[in-house]
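Single-structure report; data block below.
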Amino acid sequence: MAEHRPCTARNETPLQRADRNFVELLQELRVTQTGVQILFAFLLSLAFTSRFEDLDAVQRVTYVITLLLAVLAATLFTAPAALHRSLFQQGAKPRIVQVSSRLATAGLVVLVFAFSGSVLLVVDVTMGRAGGLAACAGTFLVCVGLWGLLPRLVRRAGLRDEESGTAARSASETPSQDGTRVPAPLRRTVVQPTTPNEAVPYREASARQR
């Protein structure tokens, strides 16, 4: 019974949270799978073009490695669906979400190298080896920055905002003598006796006013 009690800020049970996280993960995978499908289709069709015979040894190796990386990324992104189907209705949804998240992360890492390799191949064929290497490095840095560094910066900024908000709330409240906190706008309106001797006239004056 304890595992069905609300346990999060959204007032969700662990099973409800797992269901929501899995749905959100599937939405993310739909976005990434689109890019993988386009890249994979491009690489497959490239082998049947007339210019493929003109590729040198380095370009052919780049093509094969990039194609295999695209296949691996597609496999990692589709693995959560196969995992969910294999463990359907077996009470393993939290574990499925955890493993699927790791598979999706691994797929993104592989996809970075697949994108970089495809850019290297195309630019190498059209503009030369130096331009291909420069374009490959730029693609790699952009992917790492947007997919890896940016989430860390956003998370760090969120933590700083939470800490500053907590400090501001603490500073806006003043503890009274009985332990309660008085908000800053009400400090001047609340008059409290500082000593027991001052408390007696204070209570008598309040009784006369009533």
Side-chain angles (χ1 to χ4, degrees), residues 17-18 20-86 94-164:
R17 182 182 183 184
R20 177 178 58 82
N21 290 340
F22 191 69
V23 171
E24 294 176 353
L25 178 62
L26 291 180
Q27 294 294 336
E28 296 172 0
L29 292 178
R30 288 189 181 98
V31 176
T32 54
Q33 282 178 347
T34 302
V36 175
Q37 291 171 356
I38 295 174
L39 176 62
F40 189 55
F42 162 73
L43 292 174
L44 285 180
S45 61
L46 184 62
F48 300 97
T49 59
S50 59
R51 293 196 60 182
F52 188 79
E53 299 296 333
D54 299 333
L55 299 182
D56 58 21
V58 176
Q59 293 169 345
R60 289 176 180 269
V61 171
T62 303
Y63 169 79
V64 172
I65 294 177
T66 304
L67 179 63
L68 295 178
L69 289 174
V71 172
L72 180 58
T75 304
L76 290 171
F77 287 139
T78 55
L83 182 64
H84 180 265
R85 179 49 46 196
S86 300
R95 178 63 62 180
I96 292 174
V97 173
Q98 183 179 8
V99 175
S100 299
S101 177
R102 294 177 180 176
L103 290 172
T105 302
L108 288 175
V109 174
V110 175
L111 189 58
V112 171
F113 292 98
F115 280 165
S116 302
S118 61
V119 172
L120 171 61
L121 178 62
V122 173
V123 179
D124 186 8
V125 173
T126 56
M127 298 183 60
R129 189 63 45 82
L133 292 175
C136 175
T139 302
F140 181 82
L141 293 177
V142 169
C143 291
V144 171
L146 293 179
W147 297 356
L149 182 59
L150 180 60
R152 294 178 181 272
L153 295 178
V154 172
R155 181 182 180 183
R156 187 173 301 176
L159 293 176
R160 286 198 301 265
D161 292 341
E162 291 179 0
E163 292 176 357
S164 61

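Sequential numbering from 1 along the given sequence is applied to the chain's residues. All values below were derived from every heavy atom in this structure, side-chain atoms included, with hydrogens, water molecules and symmetry-related copies excluded.
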- Starting at CD1 of I65, measure out to OG of S118 and round the result to the nearest 0.5 Å. 13.0 Å
- In Å and rounded to the nearest 0.5 Å, what is the OG1 to CH2 distance from T105 to W147? 12.0 Å
- Query: Just by distance, do the side chain of D124 and the backbone of L120 share a donor-acceptor pair under 3.5 Å?
  - Reply: no
- What are the two closest non-hydrogen atoms of L69 and V110, and how far apart are they? O-CG1, 3.3 Å
- Query: Of the options L29, L83, N21, L76, which is the one that meets S100 in a side-chain contact (heavy atoms from CB on, under 4.5 Å)?
  - Reply: L83
- Query: Could you give the distance from OG1 (T62) to CZ (R60), rounded to the nearest 0.5 Å?
  - Reply: 12.0 Å
- Message: Would you say that L44 contacts L67 through its side chain, given a criterion of any heavy-atom pair below 4.5 Å between the two side chains?
- Response: yes
- Query: Under 3.5 Å, side chain of T49 to main-chain N/O of S45, donor-acceptor pair present?
  - Reply: no
- Query: Within the distance-only criterion (no hydrogens, no angle test), does the side chain of S101 pair as donor or acceptor with the backbone N or O of Q98 below 3.5 angstrom?
  - Reply: no
- Can you tell me how far CG of L68 sits from OH of Y63, rounded to the nearest 0.5 angstrom? 9.5 Å
- Message: So, taking the atom named CG in L108 and the one named CZ in F115, what distance separates them when rounded to the nearest 0.5 Å?
- Response: 9.5 Å
- Item | Rounded distance [0.5 Å steps], CZ in R85 versus CD1 in I96 | 10.0 Å
- Task: Establish, yes or no, whether a centroid distance under 6.0 Å links the rings of F140 and F113.
- Result: yes
- Message: Would you say that R129 contacts V58 through its side chain, given a criterion of any heavy-atom pair below 4.5 Å between the two side chains?
- Response: yes
- Ignoring hydrogens and geometry, is there a side-chain-to-backbone donor-acceptor pair from Q59 to D56 under 3.5 Å? yes
- Heavy-atom closest pair (A114 atom, T66 atom, distance to 0.1 Å) is O-CG2, 3.4 Å
- What closest approach, in Å, do A70 and L43 show between heavy atoms, and which atom pair accounts for it? CB-CD1, 4.0 Å
- Heavy-atom closest pair, residues V36 and A74: CG1-CB, 3.6 Å
